[in-house]
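Read the structure below first, then the notes.
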Amino acid sequence: MPVSALFCLVVAISDGDTLTARCGAPGAYQQVKVRIAAIDAPERKQAFGQRARQHLAQLCFRQRATLHPVDEDHYGRTVAHVRCGGTDVATAQVRAGLAWVYTPYASSGHPGLEALQRQARSSGVGLWSQKRPLAPWDYRKRHARPAQPARTLQNR
């Protein structure tokens with residue numbers, strides 16, 4: 001994905017680290033599902049999941065966004081560094097205590113995120129106000145859906 005930047009309008013917020021943007025020229029718009037690089041926000045049903053989603057909506061919903069794509073995840077979403085109205089979204093979510101730093105993407109584009117997370121944690125902001133906050137990747141493991149058995153003609 002050698003695109004340097006996409007200029008878009010955010011049209012939907014899925015959760016605290018995923019949004020949908022309409023990018024391109026009028027009449028040739030393309031919907032892009034975007035996973036914000038460098039962070040992992042609580043899942044929707046997890047503690048602080050709704051707060052993280054609401055905060056991202058305040059930052060980005062119906063706002064112009066600049067996307068700097070860095071990868072595509074295994075769900076086919078564009079992984080990108082995102083700015084809404086001049087605000088770096090990953091930085092804002094971590095500073096508010098509404099996302100964890102996701103190290104595989106943090107080192108390249110967001111070297112200061114680790115320090116912001118330590119600051120939010122020591123201040124007890126957002127999800128860090130919990131006694132033992134559960135990282136989203138651990139939450140997903142605990143709540144993984146069991147694999148469905150393959151359907152054959154015999155068991156239909």
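Here the structure is a predicted model, which means the values were calculated and not measured.
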Are [X] and [Y] grouped together when hydrophobic residues (ILVMFWY) are joined by side-chain heavy atoms under 4.5 angstrom apart?
X	Y	answer
V101	L134	no
V32	F61	yes
F48	W137	yes

Residue from R53, R35, K33 passing salt bridge (Lys or Arg N to Asp or Glu O under 4.0 Å) with D17: R35
Please lay out, stage by stage, how L67 and V34 fare under the test side chain to side chain contact (heavy atoms under 4.5 Å, CB included). CA-CA 9 Å; L67 314 178; V34 180; 3.7 Å; yes
With side chains defined as the heavy atoms from C-beta onward, is the minimum distance between [X] and [Y] less than 4.5 Å?
X	Y	value
I36	T18	no
T78	V70	no
L9	Q63	no
L59	Q93	yes
R44	Q50	yes

Mind checking the NE2-CZ spacing from H55 to R51? Nearest 0.5 Å is all I need. 9.5 Å
Do other residues, nucleotides or ligands put more than 12 heavy atoms under 6.0 Å from Q30 CD? no
Minimum heavy-atom distance between A90 and A37, given as atom pair plus value: CB-O, 3.8 Å
Which pair of heavy atoms, one from P133 and one from L127, lies closest together, and at what distance? CB-O, 3.6 Å
Run I39 and W100 through side chain to side chain contact (heavy atoms under 4.5 Å, CB included) and show every step you take. CA-CA 6 Å; I39 64 170; W100 270 261; over 6 Å; no
Check: S123 side chain, A120 main-chain N or O, donor-acceptor pair, under 3.5 Å: no
Please test W128 against S122 for side chain to side chain contact (heavy atoms under 4.5 Å, CB included), starting from the C-alpha separation and ending with a verdict. CA-CA 8 Å; W128 303 112; S122 65; over 6 Å; no
Evaluate the side chain to side chain contact (heavy atoms under 4.5 Å, CB included) criterion for residues T20 and V10: first the C-alpha distance (whole Å), next the side-chain angles of each, then the deciding distance (0.1 Å), finally the verdict. CA-CA 6 Å; T20 303; V10 176; over 6 Å; no
Run the salt-bridge test on D88 and R95 with the 4.0 Å N-O cut-off and return the result as yes or no. no
Would you call E72 and R77 a salt bridge, taking side-chain N to carboxylate O under 4.0 Å as the test? no
